[in-house]
Amino acid sequence: MKGAVAASCCGQMSTNEQDCVRALIEMYRSLPCLWKIKSKDYSNRYMKREAYEKLVAVYREYHPTETVDENIVRKKIQALRTVFKKEVNKVENSKKSGAGTEEVYVPRLWYYDLMAFTRDQEIPRPCQTVTSLCEPSPEDILPESPDEQVPLQQR
């Protein structure tokens, strides 16, 4: 399995492996409980387990001699999404750099268009800088009890 993930990252994939990745992505797209954050089924662990079983079945079609389980398929999907996100970031960074339309990065990832449905499904993490880590949190600023509330004029 590690070889397949590494091959997909390096672009040296066999036709059979490309077919496998294409089939995995198509099945993954048909299972929004795995990728669509705003789906009501996104937090349903039972639906997710069934969805991963479907992905395992697809993977087994192309790798009948390998031992395949949910963890292997999860890692494969995560690797595909990570490489896709890196390509998206390259495109976005080239646009932000002030490059002209001719100089904007053109994605070279063969499955870039196949994974485009996941593009707006990333959860942005809150940015933490050194200053934001040092600033007091709202809980630190608010008084603990109503007795401690003193009007600003009296402080």
Side-chain angles (χ1 to χ4, degrees), residues 1-135 137-140 142:
M1 176 57 199
K2 288 181 182 178
V5 172
S8 67
C9 295
C10 301
Q12 303 167 358
M13 209 180 279
S14 68
T15 304
N16 184 53
E17 189 61 23
Q18 279 191 355
D19 291 342
C20 176
V21 169
R22 188 172 282 111
L24 274 175
I25 292 171
E26 288 171 2
M27 178 62 76
Y28 184 64
R29 183 179 189 159
S30 73
L31 302 166
C33 65
L34 297 178
W35 59 268
K36 195 170 195 172
I37 297 166
K38 295 190 179 191
S39 168
K40 64 180 174 66
D41 298 324
Y42 184 74
S43 57
N44 184 333
R45 72 175 72 167
Y46 303 107
M47 285 195 75
K48 283 186 169 186
R49 171 123 332 136
E50 289 176 15
Y52 276 114
E53 286 175 12
K54 291 178 183 178
L55 287 172
V56 167
V58 169
Y59 195 87
R60 278 193 183 124
E61 288 177 28
Y62 293 90
H63 300 89
T65 59
E66 290 184 27
T67 303
V68 182
D69 63 4
E70 182 179 321
N71 289 329
I72 289 173
V73 173
R74 280 180 183 262
K75 288 177 184 176
K76 180 72 172 179
I77 294 294
Q78 191 58 47
L80 294 171
R81 287 192 70 160
T82 299
V83 174
F84 171 75
K85 184 65 178 160
K86 286 181 180 180
E87 286 289 294
V88 168
N89 288 340
K90 288 179 185 179
V91 172
E92 296 300 320
N93 290 338
S94 72
K95 288 178 182 177
K96 290 178 185 175
S97 71
T101 55
E102 296 172 5
E103 298 172 4
V104 172
Y105 179 80
V106 177
R108 294 183 180 93
L109 188 63
W110 70 268
Y111 59 84
Y112 184 85
D113 292 334
L114 293 173
M115 291 292 290
F117 66 95
T118 64
R119 188 169 183 168
D120 62 344
Q121 297 301 314
E122 298 295 324
I123 302 172
R125 294 183 180 167
C127 180
Q128 288 190 342
T129 61
V130 174
T131 54
S132 70
L133 292 174
C134 297
E135 292 174 356
S137 67
E139 295 83 28
D140 294 338
L142 296 174

Legend entry - Criterion side chain to side chain contact (heavy atoms under 4.5 Å, CB included) on Tyr112 and Val91, from CA distance to verdict: CA-CA 11 Å; Tyr112 184 85; Val91 172; 4.1 Å; yes

Legend entry - Any residue meeting side chain to side chain donor-acceptor pair (under 3.5 Å) with Arg22, in chain and number order, not counting sequence neighbours: none

Inset, instruction - Return yes if some donor-acceptor pair links the side-chain N/O of Asp69 with the main-chain N/O of Ile72 below 3.5 Å, else return no. - result: yes

Legend entry - Over all atoms of both residues, closest heavy-atom pair of Arg29 and Trp35: O-NE1, 3.3 Å

Legend entry - Lys48 atom NZ: more than 12 heavy-atom contacts under 6.0 Å: yes

Legend entry - Interatomic spacing from CZ in Phe117 to OG in Ser30 - rounded to 0.5 Å: 9.0 Å

Legend entry - Euclidean distance, Tyr59 OH relative to Glu70 CD, rounded to 0.5 Å: 14.5 Å

Legend entry - Spatial distance of atom OG (Ser43) from atom CD1 (Ile37) [nearest 0.5 Å]: 12.0 Å

Inset, instruction - Any chance you could measure Tyr42, atom OH, to Lys36, atom NZ, to the nearest 0.5 Å? - result: 13.0 Å

Legend entry - Polar contact flag, side-chain donor to acceptor under 3.5 angstrom, Tyr105-Glu87: yes

Inset, instruction - Would you name the heavy atoms of Tyr62 and Val58 that are closest together and state the gap between them? - result: CD1-O, 3.3 Å

Inset, instruction - Identify the heavy atoms of Arg60 and Val68 that sit nearest to each other, and give their distance. - result: NH2-O, 2.7 Å

Inset, instruction - Would you check if the side chain of Thr118 reaches a backbone N or O of Gln121 as a donor-acceptor pair within less than 3.5 Å? - result: no

Legend entry - Atom pair CG/CG of Leu80 and Leu24 - distance to nearest 0.5 Å: 7.0 Å

Identify all side-chain donor-acceptor contacts of residues 49-57 below 3.5 Å with residues at least two apart in sequence or on another chain.
none

Inset, instruction - First locate atom CE of Met115, then atom OH of Tyr28, and finally report the distance between them rounded to the nearest 0.5 Å. - result: 6.0 Å

Inset, instruction - Check the pair Phe84, Leu114 against side chain to side chain contact (heavy atoms under 4.5 Å, CB included), reporting the backbone distance first and the verdict last. - result: CA-CA 10 Å; Phe84 171 75; Leu114 293 173; over 6 Å; no

